[in-house]
Amino acid sequence: MTETLVLEDPAGECARRLAAAASAGSHIALTGGSTPRIAYEQLATMDADWSGATLWFGDERCVPPDDERSNFGMAKEALLDRLADPGPTVHRMRGEAGPHAGADDYERELRTALGEETPRLDLVLLGLGSDGHAASLFPNAPALEVSDRVAVGVEEAGLEPYVPRISLTLPAINAARSVVFLVTGEGKAEAVARAFGGTDGTPDVPASLVRPHSGDLTLLLDPAAAGAL
């Protein structure tokens with residue numbers, strides 16, 4: 001089932017959903033980006049119980065965690081450093097290990113923690129690139145064809161910053177109980193329409209291939225991002 005919500009403050013709704021998931025002790029995968037950062041900053045002010053929650057990441061740039069390009073570094077500054085103890089358990093992707101070693105490490109962590117053939121996260125938060133990419137799964141990239149892993153190394157990024165990446169795979173994302181896209185701005189309107197406008201999934205638009213097998217898909221959009229639907 002796909003639910004599309006067009007809201008004046010989609011980041012606020014995203015923050016509320018993350019707070020509820022945290023209080024429920026969920027396994028949550030965070031994403032990078034300027035709009036998620038706004039959601040994380042709002043989330044940090046909410047009265048949520050983080051003690052039972054486990055945080056993962058949907059993708060990471062292969063840079064040290066204190067690099068300004070690090071998704072973990074952004075989430076740490078916007079959210080994690082502002083939470084009172086006891087906070088969540090956090091599994092970051094070790095981007096500094098390189099795309100393939102980092103992906104291998106994350107594969108082991110996910111399988112150890114969740115113990116399933118395809119580990120099932122409770123909530124995966126994603127953004128949407130102007131080229132239609134999600135996580136670090138870029139148009140027509142080999143990573144889109146990976147079916148036997150939950151984390152994969154991406155040697156070439158399709159958009160800036162042009163550094164290698166680590167990403168959850170489509171099987172990992174589509175196994176989630178809930179996938180939430182948070183997208184804002186007129187510059188993303190065409191990508192939203194291409195990904196979610198009713199056409200069949202295509203590797204030209206990786207986000208169109210995100211369709212949870214037995215979970216929910218929610219689009220949190222502002223009016224500008226929804227303008228071409």
Pairwise distance [atom1]([X]) to [atom2]([Y]) - rounded to 0.5 angstrom:
| X | Y | atom1 | atom2 | value |
| --- | --- | --- | --- | --- |
| Thr169 | Asn174 | OG1 | CG | 9.0 Å |
| Arg211 | Asp200 | CZ | CG | 9.5 Å |
| Leu55 | Leu79 | CG | CG | 7.0 Å |

Q. Within a reach of under 6.0 Å around CD of Glu13, are more than 12 heavy atoms found that belong to other residues, nucleotides or ligands?
A.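 Result for CD/Glu13: enclosed.
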Q: Give a yes or no on this: more than 12 heavy atoms of other residues, nucleotides or ligands lie within 6.0 Å of atom CD of Glu8.
A: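 At most 12 heavy atoms, drawn from other residues, nucleotides or ligands, come within 6.0 Å of this atom.
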Answer yes or no: is there a donor N or O on one side and an acceptor on the other, between the side chain of [X] and the main chain of [Y], under 3.5 Å?
| X | Y | answer |
| --- | --- | --- |
| Glu107 | Val150 | yes |
| Ser26 | Ile28 | no |
| Tyr106 | Phe57 | yes |

Would you say [X] and [Y] make side-chain contact, with heavy atoms under 4.5 Å?
| X | Y | value |
| --- | --- | --- |
| Met74 | Arg69 | no |
| Phe72 | Val90 | yes |
| Glu77 | Arg82 | no |
| Asp122 | Ser178 | no |
| Leu221 | Thr4 | yes |
| Asp222 | Leu7 | no |
| Pro139 | Val205 | no |
| Glu109 | Thr112 | no |

Hydrogens and angles aside, do [X] and [Y] bring a side-chain donor and acceptor to less than 3.5 Å of each other?
| X | Y | result |
| --- | --- | --- |
| Thr54 | Thr89 | no |
| Ser167 | Asp59 | no |
| Arg111 | Thr118 | no |

Q: Mind listing the closest non-hydrogen atom pair of Ala228 and Ala189 along with its distance?
A: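 The pair with the smallest heavy-atom distance is CB-O, 3.7 Å.
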Q. Do the rings of Phe181 and Phe196 sit parallel, tilted or perpendicular, given the 30° and 60° boundaries?
A.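 The arrangement is perpendicular - the two ring planes meet at more than 60°.
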Q: Name all residues meeting the ring-ring contact (aromatic ring centres under 6.0 Å, His included) criterion together with Tyr40; count only those two or more places apart in sequence or in a different chain, and write none if there are none.
A: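 With neighbours one apart ignored, the set is empty.
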